[in-house]
There are 2 protein chains.
Amino acid sequence: MLGNSRPEPIPPARPSLRKQPRQARSRALVDVILDATARVLVRDGYAALTTNAVAAVAGVSIGSLYQYFPNKDALVLALRDRHSRRMHALIMAEVAHWETAGHDATLADLMGRTLHAAIEAHRLEPALHKVLALEAAHLETHHEEDETDGFLRALLERHAQGPNPEVTVPDLGIATFIVGRMAHALIHAVVLDPPPGADAHALEREAVRAVMAYLTA
Amino acid sequence: MLGNSRPEPIPPARPSLRKQPRQARSRALVDVILDATARVLVRDGYAALTTNAVAAVAGVSIGSLYQYFPNKDALVLALRDRHSRRMHALIMAEVAHWETAGHDATLADLMGRTLHAAIEAHRLEPALHKVLALEAAHLETHHEEDETDGFLRALLERHAQGPNPEVTVPDLGIATFIVGRMAHALIHAVVLDPPPGADAHALEREAVRAVMAYLTA
DNA sequence: CGTAAATACGAGTGATCGCTCGCATCATTG
DNA sequence: CAATGATGCGAGCGATCACTCGTATTTACG
């Protein structure tokens, strides 16, 4: 025995949780730490985010923090994951809600509802979302957008077929790409950075109009 | 005399150049330092950007660097300014070029040319532009976008008047906002983050189509 | 050429901060 | 009620890095 009793011989490429919190108190601890991370991030920005500050704001010891997060980036990544999951859940709840109700909506209707749901989801924690989008963009990208793109593509394909297609775009792959980027940018613009004094409803209406105009031009 | 001979009693809010480079060699030095900043930024990212590294890559002393830049942020800000000015100059050269030639182009034509010029400008130093957009977004915003917005608004206004307006959008203020964000996002998507295997020309065409579809829907 | 100003230098300093480690406390299990 | 593992603690280490300051070199200019 060479005395090497490390439980993790090879650190995982994706820095996530170092140790699984088993008991209830430790699970609560992880949540409290992520809450504190969000507060520091929103209040002081990424540059001022130190592990010591997070621990202090969370009211836990720096040692406890490192029981569950291998490094500083893991903290932000975990927070972003939690935030993404919450937004995604919100959107999917909306979508599920329609499907129980009437079917066969027009593309304009579906797109309007989808964008509206996405916009509402962005209003969950807009300040946090803005900081994450602005200052955590250099961290490894996650798959939120991939999922969104899949959803979008399916929606477009469904309405580009049949005898009277509503979607008149030449290339569905490119169209998905363009619409994805457009929608993302417009949602952020409308929710996180609206021009001063503008009406939120009008902005949303125009964002939907922009997407639909492209698809059905 | 209390011996306080500091030339800058109050540090400027905007950290720019600490001292004006007067001689040719010092002007060259500033340029070399900004070049080095760009290289380090592109190669290693913002997190790894240290003033010592920049000085080393530039082949100058750390002391010389601080003769002209009051702090690290000033370095990045100055680089971004230089980069913006170069891009802006490229675009304006294009615009001036049309105006000497024929007039009275259609909106679709003008918008296509404008977006094309912007896209070409983004191809100047795409890697640098990407890093700046992604990792220097938290620094104070500059006025590049304000200028672009002014240009855009003038363009729209010119084509929203008269008996047969090409622009059919309800509110010009909102339209400028929407088009500005759309164009910005699509240009970045097309130049800095195109989907693998996609044709650059097709992407550009669709970007223009998207903008025009919104304006003339 | 002489002198003063401008420029260039780089070792070193002070402060910050990510992270460890040895120990205390709490929960679980038999 | 042990005994064992899980959890929690926080002083402090080690490394990094922005930035200073005293000095050396170069240029401008009469």
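Order of the sequence lines fixes the chain letters, A, B, ..., with proteins taken first and strands second; residue numbering starts at 1 for each chain.
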- Query: Can you tell me how far CG of Leu152(B) sits from CD of Glu157(B), rounded to the nearest 0.5 angstrom?
  - Reply: 10.5 Å
- Task: Rounded off to whole Å, could you give me the NZ-to-P distance for the Lys72(A) and dT16(D) pair?
- Result: 16 Å
- Result of checking Val32(B), Asp31(B), Ile33(B) against Leu29(B) for side chain to side chain contact (heavy atoms under 4.5 Å, CB included): Ile33(B)
- Taking only residues two or more places apart in sequence or in another chain, which ones pass salt bridge (charged side-chain N to carboxylate O under 4.0 Å, His left out) with Arg123(B)? Glu120(B)
- Residue pairs meeting ring-ring contact (aromatic ring centres under 6.0 Å, His included), one or both in residues 74-93 of chain A, sequence neighbours left out, come to His83(A)-His129(A)
- Message: Rounding to an integer number of Å, can you tell me how far Gln67(A) CD sits from dC21(C) C1'?
- Response: 11 Å
- Specify the separation, in whole Å, of atom CZ of Phe69(A) and atom C1' of dT7(D). 15 Å
- Residue pair Thr51(B), Phe69(B): steps toward the side chain to side chain contact (heavy atoms under 4.5 Å, CB included) verdict: CA-CA 10 Å; Thr51(B) 52; Phe69(B) 299 95; over 6 Å; no
- Item | Protein-nucleotide distance (Tyr66(B), atom OH; dG10(C), atom P), rounded to Å | 16 Å
- Note on the structure: When rounded to whole Å, the OH to P distance for the pair Tyr68(A) and dC19(C) reads 18 Å
- Item | Nucleic acid contacts - residues 35-52 of chain A versus DNA chain C, non-hydrogen atoms under 4.0 Å | Leu49(A), Thr50(A), Thr51(A), Asn52(A)
- Query: Starting at CZ of Arg22(A) and ending at P of dG8(D), how long is that distance when rounded to a whole Å?
  - Reply: 13 Å
- Message: Strictly below 4.0 Å: does Ser64(A) bring a side-chain N or O up to OP1 or OP2 of dT7(D)?
- Response: no
- Message: Checking Arg181(A) now: which residues fulfil side-chain contact (heavy atoms from CB on, under 4.5 Å) with it, not counting sequence neighbours?
- Response: Phe177(A), Leu186(B), Ala189(B), Asp193(B)
- Cut-off 3.5 Å, side chains only: do Gln20(A) and Tyr68(A) have a donor facing an acceptor? no
- Quickly work out the Ile62(B) CD1 to dC19(D) C1' distance and round it to whole Å. 7 Å
- Item | Pairs touching residues 32-42 of chain B that satisfy side chain to side chain donor-acceptor pair (under 3.5 Å), sequence neighbours left out | Asp35(B)-Arg82(B)
- Message: Set out, in order, the CA-CA distance, both residues' side-chain angles and the distance that settles side chain to side chain contact (heavy atoms under 4.5 Å, CB included) for Tyr214(A) and Met182(B), then state yes or no.
- Response: CA-CA 12 Å; Tyr214(A) 167 65; Met182(B) 248 178 87; over 6 Å; no
- Task: Calculate the interatomic distance between Gln20(A) atom CD and dT7(D) atom P; express it in whole Å.
- Result: 10 Å
- What parts of residues 23-31 of chain B reach DNA chain C, counting only heavy atoms under 4.0 Å away? Gln23(B), Arg25(B), Ser26(B), Leu29(B)
